[in-house]
Amino acid sequence: MDFKTVEAKWQKTWAKQKAFEPKTDAQAPKFFFTVPYPYVSGSLHVGHGRTYAVGDVFARYKRMAGFNVLWPMAFHITGTPVLAISSKIADGDKATVQMHEDYVSVYESDASKVKKIVQSFGKDPWNVVNYYSGKLVHDFSRMGFSLDLSRQFTTGDAEYNKFIEWQFHTYQKKGYLKQAAYPILYCVRDRNAVGEDDIKDGDSDPVSVQPFTGFKFAFEDGFLVSSTLRPDTVYGITNMFARPDATYAKIRADGQILYVAKEFVEKMKLQHHVVDVLEEIKGEAFLGKTCTTPLGKQVPILPGAFVNPDHASGFVHSVPAHAPFDYVALQDLKKDAKWKGLVEKIEPIAVISVPGYGNWPAKDVVQRMKIANLKEKAKLDKATAELYKKEYYEGTLLPINGEFAGMKAETAKDKMALWLKAKGAALDVYEASRPAQCRCGGQVVVAVLSDQWFLDFNAAGWKTAANQCLQRMDIHPATYRKQFEDVFAWLDKRPCARRRGLGTRLPFNRDWIVESLSDSTIYMAMYTIIKKIRELKLTPENLTPEFFDYVFTGQGKGTPQRDAVRAEFLYWYPNDQRHTAVAHLTNHLSFFIFAHAAVFRPEHWPHAITLNELVVAEGTKMSKSKGNVVSLNDIANNTGADLFRLYAISTADLAATLDFRAKDVEALRRRLYKLYTIWDEWSALSQDQKTPTPVVRWLQSKFASIAQKSTDAIERRALRDYAQAAFFEALNAAEHFGSRATPAEKAQAAALLLKPWIGLLCPLIPHACEEYWEKVEGEGLASTSAWPALPKEWRDEQSEAAEDFLMNTVSDVRTILPLVKKKPAKISLIVANAAKRKKMAELLKAETPDQLTGDSFMENFVRKRLYELKHTRPVDESAILRESRAYLQSVFGVPFEVLEEDKTDNPRKEKALPGKPAVFVE
RNA sequence: GGAGGGGUAGCAAAGCUUGGCCAAAUGUGCAGCGUUCAGGGCGCUGUCCCUUUGUGGGUUCGUGGGUUCAAAUCCCACCCCCUCCACCA
């Protein structure tokens with residue numbers, strides 16, 4: 001069977017028949033299922049594949065189980081990535097052009113067409129969106145996902161913008177939106193905020209905002225500003241460092257006189273300070289003078305060659321007990337005759353105690369790492385990182401720290417910064433975590449926006465409602481509920497709008513665009529109504545806040561049109577199940593719950609969240625830089641949708657990482673083809689209606705329990721268990737049956753079991769199932785058939801016990817054969833007599849093995865496996881063995897004879913035990 | 001530091017909720033046999049150690065204790081590993 005042909009065939013059929021578009025007027029109960037829409041910026045990979053495959057199994061099962069299922073999809077385009085692709089291509093960025101030519105050539109064979117398409121991306125970001133969104137649909141369809149494709153939209157559509165405007169109007173009304181100052185990365189040349197994509201090497205070497213505390217050291221008529229990440233060491237300051245060859249500026253900032261590096265002046269202006277430069281001063285001019293720490297202590301200003309004037313405020317105060325740089329710098333200065341005298345008077349001041357370190361941790365680290373001088377910058381950076389981390393998490397403040405004594409460094413850090421700021425002894429200073437350049441060539445610095453919009457999750461009542469929603473929800477795997485609770489507890493304020501990117505503008509402040517996670521929290525509601533909005537030809541102007549108020553909450557004035565739209569919403573909402581990857585838990589899924597709690601009535605809050613873990617390839621995490629990303633397209637072309645789905649579901653539990661290993665995939669392919677071999681064989685057999693023989697009854701019984709197990713497993717959301725039962729267990733049983741059964745028996749089995757088996761596997765491997773369904777049934781679709789339920793009466797423990805007995809016997813014979821060391825000509829099986837059975841029954845009455853004290857062959861045997869035997873159902877051993885002589889002969893290649901212990905004088909007859917015939921080899 | 005997850009045979013990975021049919025599924029690797037058989041594929045068998053003309057014994061599931069007639073599974077302590085800690089989609 002050529003999977004590509006078969007899969008394409010059924011994908012086409014499903015699309016043509018609109019098999020997965022639900023009816024709103026259906027009698028069946030509704031099931032509204034969603035998986036987050038994909039971001040439109042390139043191709044999909046196996047990670048998406050897993051999440052959607054899991055989703056598809058749920059959706060397909062529910063559909064077969066009688067629900068009217070809506071599983072729609074749409075596209076996320078908000079934010080900067082799409083813009084970045086477009087502008088990079090417009091700029092002729094070679095790597096980006098190459099990457100997208102690669103992507104596009106997956107779909108287009110004509111090389112000149114590929115170039116044309118990619119060039120069009122540079123002309124308009126919407127060309128990126130329009131092209132890739134079509135391809136995403138194509139990729140998903142090739143995996144057989146049963147999506148309703150008739151409700152597509154993007155987050156940049158006019159209707160969507162109106163919808164998000166309504167959401168933010170609602171937030172505004174409830175008081176959930178706040179404005180406050182906020183630091184961002186900023187390009188001085190573009191005069192705009194920059195994201196990872198705008199920064200050179202921003203993806204491989206990310207840049208972040210580092211918040212420093214600027215300490216004010218009284219100096220002459222003003223203050224020197226030093227910058228620190230460690231305000232908790234303020235009591236340990238021994239001196240100030242200035243760079244001799246740097247230029248500093250005396251400035252008037254916000255009404256006071258400050259001294260900072262000249263380079264810092266422009267940054268300071270961007271950080272929302274009003275600054276006038278009064279005078280420029282060389283660094284040398286400060287040296288040897290004194291200044292006063294925020295705590296009022298006089299300290300000298302010393303030369304610091306390591307001080308970078310282009311980093312923060314350009315002065316660095318010195319805490320030699322806890323900062324390796326400071327410690328080494330002072331050691332270096334001792335070698336300088338000019339400073340020796342002054343420096344030797346400086347003694348490091350310990351302010352934090354850290355387990356495993358002495359009084360001066362910086363000294364310990366420097367000595368251990370054998371750092372000789374300031375030139376060993378790499379080692380010093382490492383030492384600093386190690387010590388800072390250690391002190392931050394494990395450090396405790398010593399008594400010298402006044403009211404902060406005894407506090408953990410972690411807590412003290414923020415408290416001391418606040419305390420100093422409140423005293424007017426400190427200010428906020430921001431710097432980028434590393435020197436960085438924008439792609440335009442401009443320097444990346446930190447600017448402070450004075451009016452950043454935030455969502456305030458701690459606004460009155462919001463968190464309570466969100467927690468209520470969470471409590472009512474079903475979270476699977478259950479272990480993640482705790483994580484939600486934790487996340488909810490520490491969610492505070494979150495910036496929710498940006499200055500740039502695609503998306504929706506804030507209705508009451510159009511300079512701002514709603515940020516990409518904040519505009520994707522309640523869009524499931526949009527799925528329910530978008531079709532009706534289009535059908536009624538409602539224009540964006542119609543989609544006023546009043547319109548959505550009415551549609552979603554029933555408030556305000558209704559019109560026939562509004563009622564029609566509201567009816568759609570009321571039919572489908574709430575979202576019955578949302579499925580996605582665990583990575584979304586701390587952000588998207590949490591915001592999803594908060595947003596629902598904020599804008600919808602409790603009866604429309606979501607019901608369930610299911611999660612799956614990530615996908616790795618050949619044991620390692622996938623990443624673009626490693627070049628080991630497996631694209632969904634490769635899967636469709638090389639693996640096949642059915643095989644991938646089977647692999648993704650059966651290999652790892654939802655809570656476990658899925659390792660995509662080519663070798664294991666191929667091993668599974670062989671199993672899958674074995675299934676097809678059996679289905680081919682079965683479907684070719686003519687129907688046989690005779691009474692089922694024992695072996696057939698055994699298989700029926702097996703399948704009845706497999707069907708039950710499968711259903712229970714999916715209902716429990718244990719998809720791996722479902723796959724194990726419906727695929728592996730069933731296949732093993734069928735294989736075993738195949739080795740035991742006659743053609744007539746196979747025909748019986750086929751007539752009874754083939755169709756239900758196809759049904760059971762349809763959510764998992766839908767393409768193959770449709771193919772065989774067509775062969776067997778001839779009409780309709782497996783995908784829309786009813787979920788199979790096999791009669792309970794098929795369960796037949798007696799048949800299963802009989803088969804178990806036979807297999808145990810086979811296994812015993814196999815153990816014995818090598819021991820007899822001769823080529824067997826004939827094998828006799830001797831069945832134990834009635835007296836032994838009676839005795840055995842007596843022995844089995846024992847509660848525990850140690851109640852059996854005898855030393856007979858039987859008693860030893862029973863003692864060893866008392867509990868096992870208690871659960872073994874007695875069977876008619878002679879009859880079973882006699883019926884199976886042909887089978888036994890086929891396994892061992894010699895004739896079998898079945899004897900009764902009482903009717904034979906076979907030398908081994910004493911060894912016969914109930915359930916365990918004696919074996920005699922001749 | 002906080003939160004979460006995990007340590008099982010050469011490797012990968014089930015089992016642990018509900019203790020006993022667990023020397024422990026399955027796949028892979030390795031070995032043998034078979035196959036109208038070069039290889040591959042397919043089928044069967046074996047793969048902790050010892051023992052064996054008869055279906056046996058011993059020691060295992062990170063380490064150490066405990067509960068129990070019985071522990072990979074329950075309890076306690078310890079060691080080690082991984083992930084996340086945000087404003088990025």
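Just so it is clear: chains get the letters A, B, ... in the order the sequence lines come, proteins before strands, and each one is counted from 1.
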**Asked** For Asp812(A), which contact category applies under a 4.0 Å heavy-atom criterion: base, sugar-phosphate, or nothing?
**Response** base
**Asked** Does Arg578(A) count as lying over the ring of Phe592(A), i.e. NZ or CZ under 6.0 Å from the six-ring centre, within 45 degrees of the axis?
**Response** yes
**Criterion side chain to side chain contact (heavy atoms under 4.5 Å, CB included) on Arg671(A) and Asn732(A), from CA distance to verdict** = CA-CA 10 Å; Arg671(A) 287 308 283 159; Asn732(A) 288 344; 2.8 Å; yes
**Message:** Are the side chains of Arg230(A) and Tyr392(A) in contact, using a 4.5 Å heavy-atom criterion?
**Reply:** no
**Prompt:** Tell me: CG of Leu491(A) to P of rC85(B), nearest whole Å?
**Reply:** 13 Å
**Request:** Determine the contact category for Leu585(A): base if any of its heavy atoms lies under 4.0 Å from a base atom, sugar-phosphate if only primed atoms, P, OP1 or OP2 are that close, otherwise nothing.
**Result:** nothing
**Prompt:** Do other residues, nucleotides or ligands put more than 12 heavy atoms under 6.0 Å from the NZ atom of Lys415(A)?
**Reply:** no
**Fill in**
Under a 3.5 Å limit on both distances, the Watson-Crick or wobble mate of rU53(B) is none
**Message:** Just to be sure I understand the rule, does Arg671(A) reach a base, reach only the sugar-phosphate, or reach nothing, if contact means heavy atoms closer than 4.0 Å?
**Reply:** nothing
**Request:** Could you say whether Asn587(A) or Trp490(A) is positioned toward the 5' end of RNA chain B, judged by the nucleotide with the nearest heavy atom to each?
**Result:** Trp490(A)
**Whole angstrom value for the distance that separates C1' of rG4(B) from CZ of Phe484(A)** = 13 Å
**Request:** Would you tell me if any nitrogen or oxygen in the side chain of Ser516(A) comes within less than 4.0 Å of OP1 or OP2 on rA89(B)?
**Result:** yes
**Prompt:** Taking only side-chain nitrogens and oxygens of Arg873(A), does any of them come within less than 4.0 Å of OP1 or OP2 of rC21(B)?
**Reply:** no
**Side chain to side chain, Thr586(A) and Asp486(A), heavy atoms closer than 4.5 Å** = no
**Asked** Partner of rG1(B) by Watson-Crick or G-U wobble geometry, both contacts under 3.5 Å, or none?
**Response** rC85(B)
**Prompt:** Watson-Crick or G-U wobble partner for rU18(B), using a 3.5 Å limit on both distances?
**Reply:** none
**Asked** In whole angstrom, what separates Tyr132(A)'s OH from rA89(B)'s P?
**Response** 19 Å
**Item:** Minimum-distance nucleotide to Arg720(A) side chain [options: rU55(B), rA14(B), rA89(B)]
**Value:** rA14(B)
**Residue pair Glu729(A), Lys709(A): steps toward the salt bridge (Lys or Arg N to Asp or Glu O under 4.0 Å) verdict** = CA-CA 10 Å; Glu729(A) 267 185 58; Lys709(A) 232 193 237 182; 2.8 Å; yes
**Request:** Determine the contact category for His588(A): base if any of its heavy atoms lies under 4.0 Å from a base atom, sugar-phosphate if only primed atoms, P, OP1 or OP2 are that close, otherwise nothing.
**Result:** nothing
**Fill in**
Atom CG of Asp659(A) and atom P of rA13(B) are separated, to the nearest Å, by 7 Å
**Request:** Please determine, for rC74(B), whether a Watson-Crick or G-U wobble partner exists with both distances under 3.5 Å, and give it or none.
**Result:** rG66(B)
**Asked** So, is Arg498(A) close to the rC87(B) phosphate, meaning a side-chain N or O under 4.0 Å from OP1 or OP2?
**Response** no
**Asked** Would you say a side-chain N or O of Lys663(A) is under 4.0 Å from OP1 or OP2 of rG29(B)?
**Response** yes
**Fill in**
Residue pair Ala655(A)/Ala918(A) against RNA chain B: nearer the 5' end by closest nucleotide is Ala655(A)
**Prompt:** Is rG34(B) paired to anything, Watson-Crick or G-U wobble with both distances less than 3.5 Å, and if yes, which nucleotide?
**Reply:** rC42(B)
**Request:** For Tyr480(A) and rG5(B), give me the distance from atom OH to atom C1', rounded to whole Å.
**Result:** 8 Å
**Fill in**
From the candidates rC87(B), rA14(B), rA3(B), the one with an atom nearest any side-chain atom of Asp486(A) is rA3(B)
**Request:** Once you apply the 3.5 Å cut-off to both distances, tell me the Watson-Crick or G-U wobble partner of rA23(B), or none.
**Result:** none
**Fill in**
Ala667(A) has its side chain closest, among rA89(B), rG27(B), rA3(B), to rG27(B)
**Fill in**
To the nearest angstrom, the NZ-P distance between Lys674(A) and rU26(B) comes to 16 Å
**Request:** Write down the distance between CD1 (Ile513(A)) and C1' (rA89(B)), rounded to a whole number of angstrom.
**Result:** 16 Å
**Request:** Counting heavy atoms from C-beta on, name the nucleotide in rC84(B), rA12(B), rA89(B) closest to the side chain of Lys621(A).
**Result:** rC84(B)
